[in-house]
Amino acid sequence: MSHAIQPHLPKTTLKAHYYVPKLLILGLLFHFLYIGTVFDCYFTSPVVHGMQSHSIGHAESKRLVLIVGDGLRADLLFTEDAFSTIPNAPKVVAPYLKSIAKTRGAFGISHTRVPTESRPGHVAIIGGMYEDVSAVTKGWKSNPVSLVTSSDIFSANPKEDATFLDIWVLDQLKELFQNATSDGNLNAHLRSNKVVFFLHLLGLDTTGHSYRPHSREYMNSIQVVDDIVRQTESLINEFYNDQDTSFIFTADHGMSVIGNHGDGDPDNTRTPLIAWGRGIRGPLPDSTPSSHDPYSKSWGLGHLFRRDVEQADLAALMASLIAIDWPVNSVGVLPDVDPTQPGYLSPALGDESLAEMALVNAKVILEQYTTKHELKKARAFFYKPFVALEGLDAISDLPHRLANLANIERLNRVKDWRAARLLSAELIQTSLSGLHYLQTYDRFLIRGIVIFAYIGWAAYTTLYIFRPLDFVKAQEVSGTVIVHAIIAIVLSGFWTLFALQHAPFTFYVYIVFPCYFWHQFFQQAMARLYMPPRASYWKFLSRAGMTFMVLQVMVIGYTHRFIWSIGFVLIGVVWPFTWSGETLKKNLTLAAAWGLVCLSAAVFPVLSVEKQESLPAILTGGCLILTCGVCAGLWTLNEVERVKGKKSRQALTTLFICQAILIVGIMIVTARSVRSLQAKQGLPLHNQVLGWAILGIYLTLTIDGRHLRDSLQVVSSVLAFSSGSSGHTAFSKFLVYFLGFGPCFVILSISIEGLFYVSYSFVLATWVVVESVVRNGRLPETTTQRERTKVYLFQPDDLRIALFFLFFVQVGFFGTGK
């Protein structure tokens, strides 16, 4: 098989067109800026202004008490024997709240949304809206919703009992009522109508992070919260001496089994909801079919009706109880709007009040839609309205939104409460769909820009492989003027469109990249897009299709982790059989070793990502890193002496010994830290100092092994990777990095991460050897050694290497679920 050799070009020409640092800088800039497209496409602020406020005419209760147990999971509150693994744990961990659900209140699950954090949860509960996720990068200041809770004030030391945070809240309530006995203004204010008490109990969240939710400490925190609820109700009743108070108990988010929250894990999104007091119905018998699912079968409440809600629905519920203005940006739906199933309310005026509340609910959401519709209509070019609300009614010749609203008001006038509620529920759902339509109106445009930009980036990078301008003498050829003109028209057209639509300035930046990439690609393609002689377009298309399929399979691997294990099996076991017969016959031992290390790495992706802390596993990983480092070091030092001389061997021997001593030190520090935390003694300061010091020395030694003494003296001087290669072989450098980053997998791991690190490193090291053998066996015999060192020819096998590299990068990130 013959291979064409690219002609030798002047050095200046190569730099002018294919300067690799330019490609790297441009790639980093492109990918960094395009992170913003995710937020512009999927996460934009839902807040709009200028809406009219709405409220119902009369209140069901005089005051409202909202109690939020931060980080409380629904199952651990309700389930009987939820802490069965803990000796002497009670069967019912929250007897007071459980008795309310059984005897005098309504209960269910409040389903939260991502991000499952305290601030967004409180805004959803109180404001009825779901905040823009991207606002977390700005401290939740993107949306003008002012909200301060105790989570903004307190933090607890892990060795302290976090229940003091909850007790502090109760103490403040007691002090408030005590002060009211001597302060007339305060007393009058507290005894006025529409008063809301908000108790944010933070101890559960802090305890869950420190000890995880299935711990005795978390169980004790639930018991403390249960007692605080009991005392709070007693204080309220004693102070007011009436029965005109409504109580809502819920949580802002849940908590995963490993003590985290923020994502969409069901344990994070399912929070308890219990409501009781004035205006709230009592328990109802379960419906047919049952309102319960396997999640709530063990609650001991299966005979009672469970009414689930969305978290934002609580704002509508609370506004209805005390007749305050509904939050103007609320998207919550009052649970009692739908007449086909029970809600949470038991209003004094019965169905009439429920019909009025349903109408107000519809007006609030429709008001938001109307405001956003007018804004989008005024700014969008070729605007397409939401037909379900903006289409004309056949009878009244009004837009559907106005016609439906008029029909609801007519039904209320004739006292057809059920029909009015049904039509209100329908209008609410249609309005929510309209809001979603307007919220995502620009997604098609952004997605199109992103798709063309990333395909353009891929096309642009291929220019650095095929180097078409290396085959022409003139940089400008006929036809490139047309490319300039087309790209200029496209860019100016999009900028004009963005200006007319008052688009964010980031849109102007986004469109520049695809225009530049495709401009360069088509310009150079017209110059001469180099293709190897006798190139088979069918083979090209088949390889492109196979590449696309492999990439899609990797995408599936993000949600089905066993895909990575299958990949290891294919790469380690199946791929060697595609080698040439001679190559495989000469390297059977290497092929067997390659298969073995890939199979060992294939074990980790199929293991559970929910890992319990295991000190033996952590230390085993550290010992294995040390053992492999010593064994590899003995072989590497002999190779260094043979290639580089005794002086290089002596320098590396000192470096490896220091790394070995320090890895023992990091294991000792880690073991002492774990035991201290398990004993609830916190993390000792000297352990923190030693851990950072050893890690700093490690990184310094790894980065610059030539200056050992200076490195030991200046621990914090961790600069760029600048270690000289004069005394290194390829594998000695690899070993330095292996030992250098090993401490991170000891001090930062909680289980088998160190074992994965060893297995993964062996795969990478063996891969280098395997590719060298396979590639050397396939190099064209017609080329001379001089040509091989000066000119690199693109080969179809490079595509496979790139896919292997991408696979290993993904496994490095997600191989252990981290």
Side-chain angles (χ1 to χ4, degrees), residues 6-7 9-38 40-41 379-384 441-532 535 537 540-541 544 547-548 794:
Q6 298 177 7
L9 293 178
K11 190 173 183 181
T12 56
T13 304
L14 293 177
K15 278 192 174 183
H17 294 298
Y18 304 109
Y19 190 50
V20 175
K22 171 191 172 183
L23 178 68
L24 296 177
I25 294 173
L26 182 61
L28 288 173
L29 182 64
F30 166 61
H31 286 85
F32 176 77
L33 292 177
Y34 260 58
I35 293 175
T37 61
V38 177
D40 287 329
C41 185
R379 295 181 177 181
F381 207 56
F382 299 121
Y383 172 64
K384 294 181 179 180
Y441 189 82
D442 293 324
R443 281 189 184 178
F444 180 80
L445 174 63
I446 300 175
R447 286 171 176 171
I449 294 174
V450 170
I451 290 172
F452 279 99
Y454 277 99
I455 295 177
W457 167 250
Y460 178 73
T461 55
T462 60
L463 298 175
Y464 282 75
I465 298 176
F466 294 107
R467 309 174 72 91
L469 293 185
D470 288 357
F471 298 90
V472 294
K473 294 182 180 180
Q475 297 183 13
E476 292 288 343
V477 296
S478 60
T480 57
V481 176
I482 299 177
V483 176
H484 298 331
I486 292 175
I487 295 299
I489 292 172
V490 171
L491 183 61
S492 59
F494 271 104
W495 279 357
T496 302
L497 177 64
F498 296 154
L500 292 174
Q501 296 189 161
H502 304 280
F505 77 95
T506 52
F507 282 35
Y508 296 84
V509 178
Y510 296 153
I511 195 61
V512 169
F513 287 98
C515 288
Y516 175 78
F517 294 149
W518 287 111
H519 171 265
Q520 292 295 309
F521 178 78
F522 284 118
Q523 180 186 6
Q524 297 188 33
M526 286 191 165
R528 182 182 175 186
L529 181 60
Y530 172 72
M531 292 291 292
Y537 288 97
F540 172 79
L541 291 176
T547 301
F548 179 79
F794 173 78

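Everything quoted here is computed from the prediction, not taken from an experiment.
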Atom pair CD1/OG1 of Ile511 and Thr506 - distance to nearest 0.5 Å: 12.0 Å

Backbone of Tyr508 reached by a side-chain donor or acceptor of Trp495 within 3.5 Å: yes

Exam field: side chain Arg443 to backbone Cys41, donor-acceptor pair closer than 3.5 Å: yes

Aromatic centroids of Tyr460 and Tyr516 separated by under 6.0 Å: yes

Expected output: side-chain His519 to main-chain Cys515 donor-acceptor under 3.5 Å: no

Aromatic plane relationship, Trp518 with Phe521 - under 30° parallel, 30 to 60° tilted, over 60° perpendicular: perpendicular

Ring geometry between Tyr383 and Tyr441 (parallel below 30°, tilted from 30 to 60°, perpendicular above 60°): tilted

Aromatic plane relationship, Phe507 with Phe498 - under 30° parallel, 30 to 60° tilted, over 60° perpendicular: perpendicular

Main-chain N/O of Phe381 paired to Gln501 side chain as donor or acceptor, under 3.5 Å: yes

Approximate separation, where rounding is to 0.5 Å, of Ile487 CD1 and Ile482 CD1: 12.5 Å

Interatomic distance, Gln524 atom CD to Thr462 atom OG1 [nearest 0.5 angstrom]: 9.0 Å

Verdict with reasoning, Leu497 to Phe382, per side-chain contact (heavy atoms from CB on, under 4.5 Å): CA-CA 11 Å; Leu497 177 64; Phe382 299 121; over 6 Å; no

Between CG on residue Leu28 and CG on residue Leu33, distance to nearest 0.5 Å: 10.5 Å

Point-to-point distance, once rounded to the nearest 0.5 Å, from OH of Tyr454 to CZ of Phe517: 9.5 Å

Value rounded to 0.5 Å, distance of CH2 in Trp457 from OG1 in Thr461: 6.0 Å

Shortest non-hydrogen separation from Tyr510 to Asp40 and the atoms involved: OH-OD2, 2.7 Å

Least distance between heavy atoms, Leu463 atom then Gln520 atom: CD1-O, 3.8 Å

Mutual orientation of the aromatic rings belonging to Phe30 and Phe513 [parallel < 30°, tilted 30-60°, perpendicular > 60°]: tilted

